[in-house]
Amino acid sequence: MTEANQSIPPTSTISRKELRELVRTQLQVLLEIGDLTAAKSILKPVQPTDIAEAIEGLPETMQVIAFRLLPKDEAIEVYEQLDSTVQQSLCEKFKHQEVIDIVDKMSPDDRARLFEELPASVVRRIVAELSPTERQSTALLLGYEAGTAGRIMTPEYVSLKEYFTVSQSLERIRSLAHVTETIYSLYVTDSDRRLLGILSLRDLVTAQLEQTVGEIMNQDIVSVQTDTDQEEVADIIQRYDFLAIPVVDSERRLVGIITVDDVLDIVQQEATKDIYALGGVQTDGDNYFQANLLTIARRRVVWLLVLLLTNSVTGSILKTQQELLQQVVALSFFIPLLTGTGGNVGAQSSTVVIRGMNTDEIRAMGPLQVIWREGLAGALLGSVLGILATIWANTFVVQGNLPVAVAVGVSLVAISILASVAGSSLPFLFRSLGLDPALMSAPFITTAVDVLGVLIYFNLARLILQI
């Protein structure tokens, strides 16, 4: 028996990561030798999410073969878990009817996300073939702006009337459980679908069977509008620990719900976008490592050109200080130290401020208070680093040339303050201009610290050395 034909060990003996890698490896080996029966058998005990990650790790030519080994019901669940790039690739390789069969059974919110990635001509052909009910629900979601609650919600939920008894409500839940996104959060509406109240499944099953929904529902409703930004939706669900939140239109009519699993995807997407932006990498929300290399290079080159221009400006400043450097050559030894330290201090300040903006941690503090606090932090950090740098420079580098060592230490204090102020103020400035603070701050902080830091260093050196 080959290693590829061995059964998957129990999940209690290995981690989920090891399981996914084992499934992917064995699946690839079996597909390479053409043993489709064995490949199908090893997928049977595996969770859809783990199958999806295993398929994503396969060579592109094998992804379609592996996917077609799955039973139809499981294939739909696995497809919803796949990365959008892989979903699109599979769509292009499937026969037309295969695509319709899968897409028609997807949940409306997952289907809308898929359609965002597909070419418009392909979407039109698929929508035309959907069942009337699914076509209507898809058109509803696609009618809302991307990134809003309306686009990410699902219209599949359980609604009740306030005159329903607990017994009637439980019977209705049983009849709808197989077609709704969740049954744990229940919504009470009137004849015009206006939201009147909310209750949990726990509230329902612990009530008396003859009680009405109106008697046990909670009328203190937290909901979002269809045009609410998806990040705000995620913040509300996180703040209130909801499993789902209702989405209403301008007339308070219930049009859908957003579940916590969709919010987790949003949080991950936004965090990824912010992290990439802090590194000066522009993204469109797709998988960076599966994007075209030319596209990646085009996105990254913008800020690299900004940094190239910055270095050119810094080089020009150094050229103007040629006379000073010729008189005191030792001053050139510390330029990388000062600019590098300033860049790190500025990056730290911008990171905490941008994170505070995203989590509303600094909502109670005004911009000036935040900048003042970061400036003080920069002064404290600069003082500690400046003292250490002065001692180190005087002892090991310039060896007794105390004025040069002092110039380095004092400059380090000034540059740290400058970097902290720039790092904390630029995010506020760019946000007020309607620009992405994370994307814009990193290169401009580097520019400010490099150019102004070098100017501060040379001017302080002239002052201290009396040149």
Side-chain angles (χ1 to χ4, degrees), residues 274-275 277-280 303 306-307 310-311 313-314 317-318 331 333-394 397 403-433 435-464:
D274 288 342
I275 291 170
L278 285 170
W303 300 124
V306 172
L307 297 179
T310 300
N311 288 332
V313 175
T314 305
I317 294 173
L318 292 175
L331 289 173
F333 302 162
F334 304 98
I335 294 174
L337 166 70
L338 295 171
T339 56
T341 302
N344 289 333
V345 173
Q348 288 177 341
S349 291
S350 66
T351 299
V352 297
V353 170
I354 291 170
R355 183 58 181 167
M357 287 178 171
N358 291 338
T359 60
D360 276 347
E361 291 179 10
I362 59 176
R363 179 172 48 182
M365 303 172 65
L368 292 179
Q369 188 177 356
V370 173
I371 295 169
W372 173 254
R373 177 184 170 86
E374 283 301 305
L376 292 177
L380 181 59
L381 290 170
S383 298
V384 174
L385 296 174
I387 292 171
L388 294 175
T390 301
I391 296 172
W392 168 74
N394 188 57
V397 183
V404 172
V406 170
V408 173
V410 174
S411 297
L412 201 52
V413 176
I415 291 173
S416 295
I417 296 173
L418 167 69
S420 293
V421 171
S424 58
S425 60
L426 285 176
F428 288 111
L429 173 62
F430 292 126
R431 186 175 68 171
S432 67
L433 297 175
L435 303 172
D436 185 348
L439 183 61
M440 302 297 294
S441 296
F444 281 95
I445 289 168
T446 304
T447 300
V449 172
D450 281 1
V451 174
L452 298 179
V454 170
L455 286 173
I456 289 172
Y457 176 47
F458 285 128
N459 281 287
L460 287 174
R462 287 182 182 277
L463 181 64
I464 294 172

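Hydrogens, waters and symmetry mates are skipped; everything else that's a heavy atom, side chains included, is used.
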Evaluate side-chain contact (heavy atoms from CB on, under 4.5 Å) for L429 paired with S432, printing each intermediate quantity in order.
-> CA-CA 5 Å; L429 173 62; S432 67; 4.2 Å; yes
Any chance you could measure [X], atom [atom1], to [Y], atom [atom2], to the nearest 0.5 Å?
{"X": "L418", "Y": "L452", "atom1": "CG", "atom2": "CG", "result": "5.5 Å"}
{"X": "F430", "Y": "M357", "atom1": "CZ", "atom2": "CE", "result": "11.0 Å"}
{"X": "D450", "Y": "I445", "atom1": "CG", "atom2": "CD1", "result": "11.5 Å"}
{"X": "L412", "Y": "I456", "atom1": "CG", "atom2": "CD1", "result": "11.0 Å"}
{"X": "L385", "Y": "N344", "atom1": "CG", "atom2": "CG", "result": "10.0 Å"}
{"X": "R431", "Y": "L426", "atom1": "CZ", "atom2": "CG", "result": "13.5 Å"}

For a 4.5 angstrom cut-off between non-hydrogen side-chain atoms, does [X] reach [Y]?
{"X": "V408", "Y": "Y457", "value": "yes"}
{"X": "P367", "Y": "V370", "value": "no"}
{"X": "V404", "Y": "F333", "value": "no"}

Least distance between heavy atoms, [X] atom then [Y] atom:
{"X": "T339", "Y": "V454", "value": "CG2-CG2, 3.9 Å"}
{"X": "I371", "Y": "S425", "value": "CD1-CB, 3.5 Å"}
{"X": "A461", "Y": "A407", "value": "CA-CB, 4.1 Å"}
{"X": "I415", "Y": "G342", "value": "CG2-CA, 3.7 Å"}
{"X": "P427", "Y": "A422", "value": "CD-O, 4.2 Å"}

Look at the side chain of [X] and the backbone N and O of [Y], then say whether any donor-acceptor pair between them is shorter than 3.5 Å.
{"X": "T341", "Y": "L338", "answer": "no"}
{"X": "S349", "Y": "G346", "answer": "no"}
{"X": "S420", "Y": "I417", "answer": "no"}
{"X": "N394", "Y": "T390", "answer": "no"}

Please walk me through it: do I354 and F428 pass side-chain contact (heavy atoms from CB on, under 4.5 Å)?
-> CA-CA 9 Å; I354 291 170; F428 288 111; over 6 Å; no
Test side chain to side chain donor-acceptor pair (under 3.5 Å) applied to R355 - qualifying residues, sequence neighbours left out |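 Listed in chain order: nothing, the list is empty.
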Identify, with sequence neighbours excluded, every residue that meets side chain to side chain donor-acceptor pair (under 3.5 Å) alongside Q369.
->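 Partners of Q369 under the side chain to side chain donor-acceptor pair (under 3.5 Å) test: none.
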Other residues, nucleotides, ligands: >12 heavy atoms within 6.0 Å of R373 CZ |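 Not more than 12 within 6.0 Å, no.
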Sequence neighbours left out, what passes side chain to side chain contact (heavy atoms under 4.5 Å, CB included) with V352? Give chain and number order.
->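 Result, side chain to side chain contact (heavy atoms under 4.5 Å, CB included) vs V352: E374.
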